[in-house]
Amino acid sequence: MVVLAKPAALEQISLLRTPEPWETFSGVPAVDLSGPDAAGDVVRACERFGFFSVVNHGVPAGVVDRLEAEAVRFFASSQAVKDASAPAGADPFGYGSKRIGRNGDMGWLEYLLLAIDRDALSEKASRAATSTALRDAINEYVVAMRGLARSVLEMVAEGLGVSPRGALADMVTGDASDQVFRLNHYPPCPLLQGLPPSCSLTGFGEHTDPQLVSILHSNGTAGLQVALHDGRWVSVPPNRDAFFVNVGDSLQVLTNGRLKSVRHRVVAGCGLKSRVSMIYFGGPPLAQRIAPLPQLLAGLPLYREFTWGEYKKAAYRSRLGDNRLAPFEEPPVAAGHHHRS
């Protein structure tokens with residue numbers, strides 16, 4: 001067996017096998033949001049895969065292009081300029097490089113993690129976004145993503161028969177909703193040149209998103225992978241004209257497991273082109289109670305009730321790859337067990 005020696009600078013970042021062309025997933029559901037059965041298409045995609053792309057979404061291309069250009073400009077800044085946006089103390093928001101969270105996860109990326117207050121960057125996040133042009137581009141983009149998240153969650157409710165139609169959407173678009181925005185930059189890695197071409201790096205390790213939904217857009221560089229329900233990892237082909245929607249853990253609980261959050265990761269470092277992605281995370285208010293909706297309970301609840309604040313705190317204490325929902329699952333009822341009063 002040949003043991004590969006990683007360059008010292010990569011010691012804490014896991015190697016991944018470079019995806020083969022045949023592993024590209026051609027079956028990504030593309031939901032036309034203007035279609036006559038868009039709500040049914042959304043729910044079927046969520047049930048089968050936990051993710052899908054949306055087209056005819058109504059988001060102007062210029063909104064995306066402006067943000068991508070400003071993101072590229074920011075990440076091309078000097079390291080000193082970027083480090084000036086780094087968080088202080090235990091604050092997770094701001095600029096970061098390689099270290100993801102505070103529990104030992106590492107990846108080949110740099111990023112801006114920003115808090116959203118209603119439909120714009122929070123005051124603290126505005127200071128981290130160093131230029132007026134970048135702040136304006138993010139705020140414009142966030143408004144579009146809030147609208148898209150609302151449309152998707154209204155369709156989820158409609159397709160599942162949940163009323164009112166805005167029951168889920170209101171959780172992520174209210175004044176107190178807990179929203180986060182992330183810009184990720186995965187540069188090529190010259191240190192991989194001494195390793196076989198079958199070696200790539202973990203850009204962002206496998207995980208699920210804790211919120212209700214996340215909406216992702218990226219440039220034309222591949223790297224995103226998702227785990228299908230049978231456990232296979234497949235590569236998602238980039239599509240600059242579409243947005244990708246992921247089911248999050250909270251939506252899995254609200255639907256009592258009917259919709260399952262999707263595990264995903266990013267393979268980085270291979271090739272000559274950078275990958276730039278922008279992700280909007282739609283979460284509810286901290287005090288929002290998360291539990292299976294009574295309208296969707298055909299049997300026993302699979303999860304105990306908790307607040308979004310409790311789950312968020314637990315999620316940020318965990319490693320990326322942990323099963324974050326496990327501590328909130330109801331214990332299975334033994335077959336033949338009957339309660340006696």
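One is the number of the first residue; the rest follow in order along the sequence.
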| message | Strictly distance-based, threshold 3.5 Å: is any side-chain N or O of Gln295 a donor or acceptor partner for the main-chain N or O of Ser163? | response | yes

| field | Exercise: identify the closest heavy-atom pair between Ala120 and Asn139 | value | CA-OD1, 3.4 Å

| said: Ignoring hydrogens, what is the shortest heavy-atom contact between Val276 and His185? Give both atom names and the distance. | reply: CG2-CD2, 4.0 Å

| said: Does the structure place the NZ or CZ of Arg182 under 6.0 Å from the centre of the six-membered ring of Tyr111, at an angle of no more than 45° from the ring's axis? | reply: yes

| task | For the pair Asn56 (side chain) and Asp32 (backbone), establish whether a donor and an acceptor sit closer than 3.5 Å, ignoring hydrogens and angles. | result | no

| query | Can you check side chain to side chain contact (heavy atoms under 4.5 Å, CB included) on Leu201 and Leu192, steps first, answer last? | reply | CA-CA 8 Å; Leu201 289 169; Leu192 281 178; 4.0 Å; yes

| said: Taking Val43 as the starting point, is it possible to reach Phe243 by hopping between hydrophobic residues whose side chains are less than 4.5 Å apart? | reply: yes

| message | I'd like to know if Trp233 and Trp108 are part of one continuous hydrophobic network [Ile/Leu/Val/Met/Phe/Trp/Tyr, side-chain heavy atoms within less than 4.5 Å]. | response | no

| message | Below 30° counts as parallel, above 60° as perpendicular, anything between as tilted: where do the rings of Phe75 and Tyr95 land? | response | tilted

| task | Kindly indicate, with the supporting measurements, whether the criterion side chain to side chain donor-acceptor pair (under 3.5 Å) is fulfilled by Ser250 and Gln211. | result | CA-CA 5 Å; Ser250 295; Gln211 294 86 354; over 6 Å; no

| Side-chain heavy-atom pair Val42, Val156 within 4.5 angstrom cut-off | yes

| said: Any side-chain to backbone donor/acceptor pair from Arg258 onto Glu47? Under 3.5 Å, distance only. | reply: no

| remark: In Tyr311, Tyr303, Trp308, the residue satisfying ring-ring contact (aromatic ring centres under 6.0 Å, His included) with Phe328 is Tyr311

| Taking the six-membered ring for Trp, are the ring centroids of Tyr141 and Phe181 within less than 6.0 Å of each other? | yes

| message | Before you tell me yes or no, could you show the steps for Asp41 and Arg44 under salt bridge (charged side-chain N to carboxylate O under 4.0 Å, His left out), namely the whole-Å CA-CA distance, both residues' side-chain angles and the distance that decides it to 0.1 Å? | response | CA-CA 5 Å; Asp41 292 339; Arg44 283 187 287 272; 2.8 Å; yes

| message | Can you confirm whether Leu168 sits close enough to Leu254 that some side-chain heavy atom of one is under 4.5 Å from a side-chain heavy atom of the other? | response | yes

| field | Option passing side-chain contact (heavy atoms from CB on, under 4.5 Å) with Met171 (candidates Leu153, Leu251, Leu212) | value | Leu212

| said: Taking the basic N atoms (NZ, or NE/NH1/NH2) and the acidic carboxylate oxygens, is any pair closer than 4.0 Å for Arg240 and Glu68? | reply: yes

| field | Heavy-atom pair of closest approach, residues Pro284 and Val172 | value | N-CG1, 4.5 Å

| field | Full working for side chain to side chain contact (heavy atoms under 4.5 Å, CB included) between Asp136 and Glu70 | value | CA-CA 10 Å; Asp136 290 347; Glu70 291 303 324; over 6 Å; no

| Is any side-chain heavy atom of Ile215 less than 4.5 Å from a side-chain heavy atom of Ile279? | no

| message | Between Thr307 and Leu286, is there a side-chain heavy-atom distance shorter than 4.5 Å? | response | no

| Is any side-chain heavy atom of Leu109 closer than 4.5 Å to a side-chain heavy atom of Val266? | no

| message | Are Lys260 and Val247 packed together at the side-chain level, in the sense that at least one heavy-atom pair is separated by less than 4.5 angstrom? | response | no

| Are Val152 and Val63 connected, step by step, through hydrophobic side chains (Ile, Leu, Val, Met, Phe, Trp, Tyr) whose heavy atoms are closer than 4.5 Å? | yes

| field | Any donor-acceptor N or O pair under 3.5 Å, side chains Gln179, Arg146 | value | yes

| task | Might you confirm whether atom CD of Glu123 has over 12 heavy atoms from other residues, nucleotides or ligands at distances under 6.0 Å? | result | no

| Which pair of heavy atoms, one from Pro237 and one from Val28, lies closest together, and at what distance? | CD-CG2, 4.3 Å

| request: Go through Arg165 and Glu154 one step at a time and tell me if the salt bridge (charged side-chain N to carboxylate O under 4.0 Å, His left out) criterion holds. | output: CA-CA 5 Å; Arg165 192 170 185 261; Glu154 285 179 346; 3.0 Å; yes

| Does atom CZ of Arg17 have more than 12 heavy-atom neighbours, drawn from other residues, nucleotides or ligands, at distances under 6.0 Å? | yes

| Side-chain donor/acceptor of Asp322 to backbone N/O of Arg324, under 3.5 Å | no

| Main-chain N/O of Gly94 paired with Ser85 side-chain donor or acceptor, under 3.5 Å | no

| Do the rings of Phe51 and Phe25 sit parallel, tilted or perpendicular, given the 30° and 60° boundaries? | tilted

| query | Heavy-atom distance under 4.5 Å between the side chains of Leu293 and Val162, does that happen here? | reply | yes

| request: Report yes or no: does Arg265 contribute a side-chain atom to a donor-acceptor pair with the main-chain N or O of Ala227 at less than 3.5 Å? | output: no

| request: Tell me whether Leu148 is reachable from Leu121 by hopping between hydrophobic residues (I, L, V, M, F, W, Y) whose side-chain heavy atoms are closer than 4.5 Å. | output: yes

| Could you walk me through whether Glu140 and Arg135 pass the salt bridge (charged side-chain N to carboxylate O under 4.0 Å, His left out) check? | CA-CA 9 Å; Glu140 181 183 38; Arg135 288 194 294 272; over 6 Å; no

| task | Show your working on side chain to side chain donor-acceptor pair (under 3.5 Å) between Ser122 and Asp117 and close with a plain yes or no. | result | CA-CA 5 Å; Ser122 68; Asp117 185 3; over 6 Å; no

| Within the distance-only criterion (no hydrogens, no angle test), does the side chain of Thr255 pair as donor or acceptor with the backbone N or O of Leu259 below 3.5 angstrom? | yes

| query | Would a distance-only check, ignoring hydrogens and angles, find a side-chain to backbone donor-acceptor pair under 3.5 Å from Asp170 to Ala167? | reply | no

| said: Does either side chain, that of Arg150 or that of Thr173, offer a donor lying less than 3.5 Å from an acceptor on the other one? | reply: yes

| Does Val180 belong to the same Ile/Leu/Val/Met/Phe/Trp/Tyr cluster as Val245, with side-chain heavy atoms less than 4.5 Å apart forming each link? | no

| said: Is a donor from one side chain sitting under 3.5 angstrom from an acceptor on the other, for Ser235 and Glu23? | reply: no

| query | Going by atom types only, do Ser200 and Thr18 share a side-chain donor-acceptor pair under 3.5 Å? | reply | yes

| query | Which atoms form the tightest heavy-atom contact between Pro238 and Gly220, and what is the distance? | reply | CG-O, 3.5 Å

| field | Side-chain heavy atoms of Ser274 within contact of Pro188, under 4.5 Å | value | yes

| request: Show your working on side chain to side chain contact (heavy atoms under 4.5 Å, CB included) between Val213 and Tyr280 and close with a plain yes or no. | output: CA-CA 8 Å; Val213 290; Tyr280 168 86; 5.7 Å; no

| What heavy-atom pair brings Ala129 and Ile138 nearest, and what distance separates the two atoms? | CB-CD1, 4.4 Å

| Exam field: side chain Asn219 to backbone Ser277, donor-acceptor pair closer than 3.5 Å | no

| message | With a 3.5 Å distance limit and no angle check, can you tell me whether Ser261 reaches the backbone of Gly248 through a side-chain donor-acceptor pair? | response | no

| Worked check of salt bridge (charged side-chain N to carboxylate O under 4.0 Å, His left out) between Glu110 and Lys98 | CA-CA 6 Å; Glu110 55 180 348; Lys98 298 186 179 68; over 6 Å; no

| message | Test side chain to side chain donor-acceptor pair (under 3.5 Å) on Arg263 and Thr208; report intermediate values, then the result. | response | CA-CA 5 Å; Arg263 298 190 74 78; Thr208 59; 4.8 Å; no

| query | Crowded around Arg304 CZ? As in, over 12 foreign heavy atoms under 6.0 Å? | reply | yes

